Visitor: 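Following this message is one structure expressed as structure tokens.
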Amino acid sequence: MNVNIYIETSFKGPSLRRAVGAWIVECITSDGEPNTRGGLIYADWIGENDLVLRLVEKAFSILTKTCCVVVFTSCGHVLRTMQNHWLTQWRKNGWINAKGRLIRNAEAWNRCANLFDNHMTEWTDQWHTYRLEMQRRIKAELELDHAADYMEIVVKEWNTPRRRKERENHV
């Protein structure tokens, strides 16, 4: 089964801040229609890498069968880690990096690595047709005054008629 996972965040960089990230898992059905599930994660003080790892973990956790997965993210650290096979090396070395230090977010990386084991993955920062809708939703979510420090939100409307039209125009 071929699956696309889309990850977007409200900011770039390592500094901790209030942030929202979105994830979408898209499976194309046999009749060519996209079937999507997704959600948002809101956190008051989080860095981009930690947020992206939480989003990736959430997205991969819903996959119940072995899949060929293309992950779309603009998070440079996560992209470099996966494209340069650092994750494999860190895992072999007990989550120690080339400088001999424990990697940041080692627990999150370990959880993600265990989820990746069942799948063939490809990682890219290419533009995708969900990006604008995800960014609109992230911006709207940031404008809300959430009472929680951390919150997960399920989004059922990613696969809307407007989204289908966007997809047709960009394919």
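Given the structure is predicted, the values throughout are model-derived calculations rather than measurements.
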Visitor: Take Thr121 and Phe60 through the side chain to side chain contact (heavy atoms under 4.5 Å, CB included) test and state the conclusion after the steps.
Guide: CA-CA 11 Å; Thr121 63; Phe60 271 87; 3.8 Å; yes
Visitor: Taking the ring of Trp90 and the ring of Trp109, is the distance between their centroids below 6.0 Å?
Guide: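 Centroid separation for Trp109 and Trp90: below 6.0 Å.
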Visitor: So, taking the atom named CG in Leu53 and the one named CZ in Arg104, what distance separates them when rounded to the nearest 0.5 Å?
Guide: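 So the CG of Leu53 and the CZ of Arg104 are separated by 13.0 Å.
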Visitor: Quick one: pull up OG1 in Thr9 and CG in Leu51 and give me the separation to the nearest 0.5 Å.
Guide: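 Thr9 OG1 to Leu51 CG: 6.0 Å, rounded to 0.5 Å.
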Visitor: Apart from Phe11 itself, what residues make up its hydrophobic cluster, given side-chain heavy atom links below 4.5 Å?
Guide: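 Besides Phe11, the hydrophobic cluster comprises nothing; the residue is isolated.
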Visitor: Where do Cys75 and Val52 come nearest, in terms of heavy atoms and distance?
Guide: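 For Cys75 and Val52, the tightest heavy-atom pair comes out as CB-CG2, 3.7 Å.
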Visitor: Checking Asn97 side chain against Gly100 main chain: does a donor-acceptor pair fall under 3.5 Å?
Guide: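 Present.
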Visitor: With ring centroids as reference points, do Trp123 and Phe116 lie under 6.0 angstrom apart?
Guide: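 Ring centroids of Trp123 and Phe116 are less than 6.0 Å from each other.
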Visitor: Hey, does the side chain of His119 reach the backbone of Thr66 with a donor-acceptor pair shorter than 3.5 angstrom?
Guide: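 Flag not set: sc His119 to bb Thr66 has no pair under 3.5 Å.
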Visitor: Give a yes or no on whether Ile62 and Leu115 share a hydrophobic cluster (residues Ile, Leu, Val, Met, Phe, Trp, Tyr; joining criterion: side-chain heavy atoms under 4.5 Å apart).
Guide: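 Yes.
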Visitor: Going by atom types alone, do Ser10 and Lys139 pair a side-chain donor with an acceptor below 3.5 Å?
Guide: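 Checked: Ser10/Lys139 side chains show no N/O donor-acceptor pair below 3.5 Å.
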Visitor: Side-chain heavy atoms nearer than 4.5 Å, only ILVMFWY residues, links allowed to pass through others: does that put Trp86 and Ile96 together?
Guide: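 Shared cluster, yes.
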Visitor: Can you name the residues that form a side chain to side chain donor-acceptor pair (under 3.5 Å) with Asn2, not counting sequence neighbours?
Guide: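 Asn2: no side chain to side chain donor-acceptor pair (under 3.5 Å) contacts found.
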Visitor: Does the pair Leu87 and Trp95 meet the rule for a side chain to side chain contact (heavy atoms under 4.5 Å, CB included), with working shown?
Guide: CA-CA 8 Å; Leu87 184 63; Trp95 303 106; 3.5 Å; yes
Visitor: Looking at CG of Leu102 and CD of Glu107, how far apart are the two atoms once the value is rounded to the nearest 0.5 Å?
Guide: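 With rounding to 0.5 Å, CG (Leu102) is 9.0 Å from CD (Glu107).
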Visitor: Please check if the side chain of Asn84 supplies one atom and the backbone of Arg80 the other of a donor-acceptor pair under 3.5 Å.
Guide: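 Flag set: sc Asn84 to bb Arg80 pair under 3.5 Å.
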Visitor: Is any side-chain N of the basic residue among Glu133 and Arg136 closer than 4.0 Å to the acidic one's carboxylate O?
Guide: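 Here Glu133 pairs with Arg136 in a salt bridge, since their nearest N and O are under 4.0 Å apart.
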Visitor: Just checking, any donor-acceptor pair under 3.5 angstrom between side chains of Asn114 and Arg91?
Guide: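 Yes, Arg91 and Asn114 have a side-chain donor paired with an acceptor closer than 3.5 Å.
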Visitor: Is a donor from one side chain sitting under 3.5 angstrom from an acceptor on the other, for Glu26 and Tyr6?
Guide: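 The criterion, which ignores hydrogens and geometry beyond distance, is satisfied for Tyr6 and Glu26.
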Visitor: Has Arg18 got a side-chain atom pairing as donor or acceptor with Leu142's backbone, closer than 3.5 angstrom?
Guide: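 Pair found, side chain donor or acceptor close to backbone of Leu142.
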Visitor: Taking atom CD of Glu57 and atom SG of Cys112, what is their separation to the nearest 0.5 Å?
Guide: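 Taking CD in Glu57 and SG in Cys112, the distance rounds to 5.0 Å.
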Visitor: Check side chain to side chain donor-acceptor pair (under 3.5 Å) between Glu8 and all other residues, then give those that pass, not counting sequence neighbours.
Guide: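 Scan of Glu8 (side chain to side chain donor-acceptor pair (under 3.5 Å), adjacent residues dropped) gives His128, Arg131, Gln135.
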